[in-house]
Amino acid sequence: MGLTSTIVETSKQTAPELRGSRFVRACLRQPVDQTPVWFLRQAGRYMPEYMAVRRHHTLLEICRTPDVAAEVTITAAERLGVDAAIIFADLLLPFTPMGLDFEFVNGEGPVVHQPVRSREHIEALRTDRADELNYVARAIEQVAKHFAPPRADGDQLGIIGFIGAPFTLASYMIEGGSSRNYVETKKLMYGDPASWALLQDKLLTVLVAYAAQQVEAGADVIQIFDSWAGALSVSDYRDFVLPATTELVRRVQALGVPVIYFGVDTASLLSTMRETGADVLGLDWRVPLDEGWRLAGPHVAVQGNLDPIALFAPEDLLKQRVKEVLDAAANRPGHIFNLGHGIVPGTPVDNVINVARWVKELSVRA
Ligand code: CP3
C-alpha cells in the first residue's frame, strides 16, 4: 500500500479540523480529539527494556550512539502507548564541547571534576563546537523517520527535542553536581554579576545551535528543562535568570517550533516564568493544575501534573488522581497530561501504561 492511500484511509477516522499531532496541537492550544499524554523520563531505569540496553552500555554511550539512543526512545514510547517521544539524551551533553569534563557516577548522578568558579574559567569555555553534539540530531532523524506514518488512530506521534535552561546548566557547572542549597551558584550570581552574565550568554550561544540541530533533524517541539529554578526567589529569578531564558525561548521559537518550559517547585514563579513567552509551562504536582494554569495565564498551554510517586499507589487511588488532573483541566485546549517530574526507578511499568490508557479513555471529546 502506498503512502497516499495510507493517509487517505487513516484520515477518515479523525475530523479534518483535528488532524495532525494531538500533542503538537495541544502545545499550540488548538482543539484535540483527546488529551495527549507522555511522561517525563519515560525511558529510564524503571523499564526492563532500558535496563537490558544499559547492561551493555554506559548512559553516555547510549546518548552518543544514534542507533541505540533511537531504539531506547522508540521502545519506551511504543511500550507505553504515549502521544510523544522525547529523544533519549542528557541535559549535560553540551558540557563536553564547551570544554568541561563530567561523568555519571553510579548512585551519585553527574560529577563535574573541575567546577566552574572563576572568571578565567568562564572565559575559557568554548562556544564554537556545538556541531560535535550532532549525534543527538542523528538519533532524532531515526526516531522521526520511524514515527512518520500516522498511527492506527490517525494521529502522528510528536517528537520532542530538549535542552537545559541556562540557570539549571550553570548550577551543574558551578556546583560540580547536584546540589541542595546552590551556595556556589548564588555566590557567583550575586558577587560577580558580569561573569554570571557572560556564562549565561555562552550557554545561550551553544544551546540555540544545539536546538537548531534538533529541529532540523525533525523535532516538533523543544522542551527547556529548568529543573532547579524552584530554588530561586522571585527577585533572583527576575534579575539573574529571566533575561537569558526569555532570549533562549525567543530564539528557539524563531526556529519554527513551540517551546515547553519546565521546572520543579515553581508555583511561586509561574506568573514570572510566563514572561519568557514559552508556549507551554510544565507544572509540578505541588500546585493544583487549575490553580497553576490560572497563575500561568490564559495564553499558555500547561503540561502536568501527576505526582510521579502516585504511580506506586493502588489502582483505585491512582485512577482517582489521574481523573483529578483531567477534571482540573476540564478539556480546555492546551493541556498535555504528564507527571510533575520524572518517573523514578522502581515504578511499576503496568501502572504507567494504565495511566496513558486512562487519560485517553477519560478525556475523549464527545
Ligand atoms: O526519557 C527521557 O526522559 C529522556 C531521557 C533523559 C535523561 N536525562 C536520561 C537519563 C532526560 C530528558 C534527561 C534530562 C536531565 N538530565 C535532567 C532534567 C530532567 C529532570 O529530571 O528535571 C537533569 C537534571 C539531568 C542530569 C542528570 N542525568 C541527573 C541529575 C542524573 C542522575 C539522576 C538519576 O536519575 O540517576 C542523570 C542520569 C540520567 N539521565 C538517567 C537517565 C535515564 C538515569 C541514570 C542511568 O541510566 O544510569
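All ligand and atom numbering here is 1-based and tracks the order in the structure. Note that the coordinates shown come from a computational prediction; the quantities given were computed from them, not determined experimentally.
The Phe88 neighbourhood of ligand 1 comprises atoms 5 (C), 9 (C), 43 (C), with distances under 4.0 Å to a heavy atom of that residue. Taking every heavy atom of Phe162 and a limit of under 4.0 angstrom, the matching atoms of ligand 1 come to 11 (C), 12 (C), 13 (C), 14 (C). Close contacts of ligand 1 with Ser227, meaning ligand atoms under 4.0 Å from a residue heavy atom, involve 18 (C), 19 (C), 20 (C), 22 (O).
Using a cutoff of 4.0 Å between basic side-chain nitrogens and carboxylate oxygens, Asp90 and Arg64 are not scored as salt-bridged. Using a 4.0 Å cut-off between a side-chain N of Lys or Arg and a carboxylate O of Asp or Glu, Glu141 and Lys145 do not qualify as a salt bridge. Arg357 and Glu361 are joined by a salt bridge, as a carboxylate oxygen and a charged side-chain nitrogen come within less than 4.0 angstrom of each other.
Considering Phe88, Phe225, Tyr210, Phe262 as possible partners of Phe162, the one that fulfils the ring pair (Phe, Tyr, Trp, His ring centres under 6.0 Å) test is Phe225. Screening Arg22, Lys360, Arg25 for a salt bridge (Lys or Arg N to Asp or Glu O under 4.0 Å) with Asp33, the sole residue that qualifies is Arg22.
Judged by the shortest distance from any of its heavy atoms, Tyr50 lies inside the 4.0 Å radius around the atoms of ligand 1. Taking a 4.0 Å cut-off on heavy atoms, Ala89 registers as neighbouring ligand 1. The closest approach between His341 and ligand 1 falls below 4.0 Å for a heavy atom of the residue. Heavy-atom separations between Pro110 and ligand 1 include at least one value shorter than 4.0 Å.
A donor-acceptor contact closer than 3.5 angstrom is absent between the side chains of Arg238 and Ser233. No hydrogens or angles considered: nothing links the side chains of Glu275 and Thr246 as a donor-acceptor pair under 3.5 Å. Using modelled atom types, one finds a donor on one side chain and an acceptor on the other under 3.5 Å when comparing Gln303 with Gln223.
Contacts between Leu59 and ligand 1, counted as non-hydrogen atom pairs separated by less than 4.0 Å, involve the side chain only.
With rounding to the nearest 0.5 angstrom, the CZ atom of Phe23 is 12.5 Å from the CD atom of Gln156.
For atom 46 (C) of ligand 1, the closest non-hydrogen atom of the protein is Arg54 NE, 3.5 Å. Of the protein's non-hydrogen atoms, the one nearest atom 17 (C) of ligand 1 is Leu91 CD2, 3.3 Å. Distance from atom 16 (N) of ligand 1 to its nearest protein heavy atom, with residue and atom name: Asp90 OD1, 3.0 Å. From the protein, the heavy atom lying nearest to atom 13 (C) of ligand 1 is Arg41 NH2, 3.6 Å. Counting protein heavy atoms only, atom 36 (O) of ligand 1 is closest to Arg45 NH2, 2.7 Å. Of the protein's non-hydrogen atoms, Tyr172 OH, 3.3 Å is the one closest to atom 30 (C) of ligand 1. Of all protein heavy atoms, the one closest to atom 32 (C) of ligand 1 is Gly109 CA, 3.8 Å. Atom 1 (O) of ligand 1 has Ala43 N, 3.0 Å as its closest protein atom, hydrogens excluded (heavy atom only).
The heavy atom nearest to atom 37 (C) of ligand 1, out of those in Phe225, Phe104, Trp228, is found in Phe104.
Ring pair Tyr172/Phe95: centre-to-centre distance not below 6.0 Å.
Asn181 places no side-chain N or O within donor-acceptor distance of the main-chain N or O of Val183, the cut-off being under 3.5 Å.
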